Amino acid sequence: MSASIKPRLPKGFRDFLPETMLKRDYVINTIREVFHLYGFEPLQTPVLELRETLFGKYGEDAEQLIFEAQHGRSDKDPLAMRYDLTVPLARVVAQYENDIKLPFKRYQIAPVWRGERPQRGRYREFFQCDADIVGVANMSADAELISLTVAILRKLGFPAFTVKINNRKLLTGMGQYSGVPDEQLPDLYRSVDKFDKIGADGVKKELIERGISDDSVSRMVALLQTHGTGLESLDNIEDVMDRFPAAMEGIRELREMAQHMDNLGVSSEFYEFDFTTVRGLGYYTGPIFETILKGETIGSISGGGRYNDLIGMFRRESLPTTGVSLGIERIIDLMDDMKLYPAHISGTVVQVLVTIFGEETQSASTKLAAELRQAGINTELYMDDGKMKLGKQFTHADKKRIPLVATLGADEIAQGIVKIKRLSDGTEISATRAEAAAKIRELLG
RNA sequence: GUGGUUGUAGCUCAAUGGCAGAGUGACGGAUUGUGGUUCCGUUGGUUGCGGGUUCAAAUCCCGUCAGCCACCCCA
């Protein structure tokens with residue numbers, strides 16, 4: 001052996017050891033079940049796309065964060081690692097036009113790569129979890145995504161959260177109302193988006209620094225703070241905005257959404273219309289939404305919106321599309337902080353450890369393990385090259401948090417029984433080989 | 001990309017220019033058919049890496065790498 005290399009990972013990349021993977025799988029499986037419940041179906045696309053597929057879609061700043069990929073002996077097809085799941089979706093929809101039935105409801109849970117500087121809850125490799133509806137122009141699709149988001153977060157056990165809903169058209173109208181020139185709208189949005197973080201005064205200050213007139217800023221900020229519960233806030237803002245067709249269209253869409261959400265049974269405690277919600281991505285064209293946890297400052301745990309023009313980048317005619325993305329990395333961290341994982345998720349998938357007394361009883365233990373597996377019990381058969389010390393085997397079970405230990409020595413074998421001990425409280429019972437699996441289920445509760 | 005901060009045993013941390021330590025873990029024993037609790041013992045280190053200052057550096061200085069935090073941006 002030559003001198004070993006120090007084991008390390010590329011910046012912003014992570015390993016997930018089994019204990020962590022069990023939690024991640026729980027979250028992902030729970031989300032997948034709800035996707036199925038709403039009739040979304042899985043899609044998988046490659047990790048690598050052609051460079052030309054990704055470039056020119058995200059804007060100049062974001063483009064610098066795309067990982068490019070090389071193959072040693074060929075530069076014929078420049079490649080890049082996928083940056084999100086939305087552009088690949090757009091490519092798929094355009095590429096398989098004849099095979100895809102509209103409306104197309106797909107979900108995808110997969111890693112994406114961004115060359116950003118890592119921070120808490122922010123990595124260079126992270127999982128995105130997207131559900132999109134392609135081919136539906138009306139607001140029933142957007143409302144269904146809100147219902148889906150609420151159902152997932154409730155199923156995961158989050159006690160208090162709010163989906164904040166706004167509309168890009170309304171933001172456009174607000175820009176017009178306050179007299180901000182079109183080319184400054186992105187700046188305006190960026191500042192408005194920080195409303196929660198820096199407050200009304202902070203936003204005012206930033207807008208003035210960006211060269212927007214005092215008068216415009218005051219009008220804008222007053223408008224943003226329009227409050228009211230549910231539809232009331234829409235009524236309030238409509239009175240002010242009735243001269244701006246874009247804004248009125250946006251308000252109409254939000255009303256339509258509210259109607260659909262009501263029919264879907266989404267309780268109004270889980271959403272609100274918030275005119276300071278912006279979303280960073282430039283391609284949104286209609287309703288936008290993001291979810292925040294009440295009393296947490298970690299940022300949003302889901303986000304999404306309508307992007308009716310994106311698919312047109314790969315296709316002669318675009319298709320109306322709306323989608324939601326769940327921030328599962330943040331969700332997974334928060335589940336830990338808030339202790340939302342069910343008890344059975346922690347530690348191991350193993351339900352029982354079958355111990356081995358010694359060489360002469362090894363075959364009996366092995367057969368027992370086979371029987372238990374046949375009966376559907378997750379079974380670990382102890383393995384060790386050294387002396388089969390029973391204490392060591394119990395220690396192993398304890399460390400791995402395996403709930404039950406089965407022992408059979410010469411005495412038990414002679415009587416045709418097996419002893420099963422529950423480590424949590426020390427309960428130990430005897431069972432015949434035939435009834436062992438049933439007794440194990442009982443002890444597991 | 002900009003600014004700040006931290007880096008010492010497997011892990012959590014102490015040692016503020018003068019012998020590198022504790023807790024916890026790991027391993028062994030008390031207990032050769034029973035873990036977790038208790039007691040005894042053993043094991044623990046290129047102080048991230050490279051250079052400099054000094055009689056003397058974990059400690060001060062420079063560089064570098066990595067983590068974290070804030071900004072930018074975003075999930």
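The sequence lines fix the lettering, A, B, ..., with proteins before strands; numbering per chain opens at 1. This is a predicted model, so every value here is computed, not measured.
- In this structure, the ring-ring contact (aromatic ring centres under 6.0 Å, His included) partners of A:F161, at least two apart in sequence or on a different chain, are A:F270.
- Remark: A:K392 engages A:D384 in a salt bridge (charged side-chain N to carboxylate O under 4.0 Å, His left out) (not counting sequence neighbours).
- Taking atom P in both B:G41 and B:U5, the straight-line distance is 44 Å, to the nearest Å.
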For nucleotides 68-75 of chain B, read 5' to 3', which letter fits each nucleotide if B means a protein heavy atom sits under 4.0 Å from the base, S means only the sugar-phosphate is that close, and - means neither?
-SBBBBSB

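- B:G7 and B:U47 have their P atoms separated by 15 Å, with the value rounded to a whole Å.
- Taking atom P on both nucleotides, B:A57 is separated from B:A66 by 28 Å, rounded to a whole Å.
- Contacts of A:E52 classified as salt bridge (charged side-chain N to carboxylate O under 4.0 Å, His left out), with partners at least two apart in sequence or in another chain: none.
- The side chain of A:D411 approaches B:G33 more closely than any other nucleotide in the set B:G33, B:G67, B:G35.
- A:Q415 places its CD atom 14 Å from the C1' atom of B:G33, with the value rounded to the nearest Å.
- Spacing between B:U16 and B:C74 at atom C1', rounded to whole Å, works out to 41 Å.
- Evaluation of atom-type donor-acceptor distances gives a pair under 3.5 Å for the side chain of A:E428 against the base of B:U34.
- A distance-only check finds a donor-acceptor pair linking the side chain of A:T355 to the backbone of A:A406 [under 3.5 Å].
- Between B:C13 and B:G45, the two C1' atoms lie 15 Å apart (nearest whole Å).
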Dot-bracket for RNA chain B, 5' to 3', with Watson-Crick and G-U pairs under 3.5 Å, [ ] for crossing pairs and | for other-strand pairs: what is it?
(((((((..((((....[..))))((((((.......))))))....(((((..]....))))))))))))....

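- Straight-line distance between the P atoms of B:G18 and B:G23: roughly 23 Å, to the nearest whole Å.
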Which atoms of nucleotides 25-32 of chain B (N or O only) lie under 3.5 Å from a protein N or O atom, and what are those distances?
unit_1: B:A26; atom_1: OP1; unit_2: A:K399; atom_2: NZ; d: 3.1

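- When the salt bridge (charged side-chain N to carboxylate O under 4.0 Å, His left out) test is applied to A:R24, the partners found at least two apart in sequence or on another chain are A:E329.
- Residues satisfying the salt bridge (charged side-chain N to carboxylate O under 4.0 Å, His left out) criterion with A:K204, sequence neighbours excluded, are absent altogether.
- Classification of the A:Y382-A:H396 ring pair by plane angle, with boundaries at 30° and 60°, yields perpendicular.
- Counting only residues at least two apart or on different chains, the side-chain hydrogen bond (donor to acceptor under 3.5 Å, both in side chains) pairs with a member in residues 272-293 of chain A are A:K164-A:D274, A:D274-A:T276, A:R279-A:E290, A:T291-A:S302.
- A gap of 12 Å separates the C1' atoms of B:A20 and B:U59, to the nearest Å.
- Within the structure, side-chain hydrogen bond (donor to acceptor under 3.5 Å, both in side chains) pairs that include any residue of residues 436-445 of chain A do not occur (at least two apart or interchain).
- One can find a donor-acceptor pair under 3.5 Å joining the base of B:G35 and the side-chain atoms of A:D398.
- Among residues at least two apart or in separate chains, side-chain hydrogen bond (donor to acceptor under 3.5 Å, both in side chains) pairs with a member in residues 359-379 of chain A are A:E371-A:R433.
- As rounded to the nearest Å, B:C11 and B:U43 have C1' atoms that lie 16 Å from one another.
- Partners of A:H36 according to the ring-ring contact (aromatic ring centres under 6.0 Å, His included) rule, which considers only residues two or more places apart in sequence or in another chain, are A:Y107.
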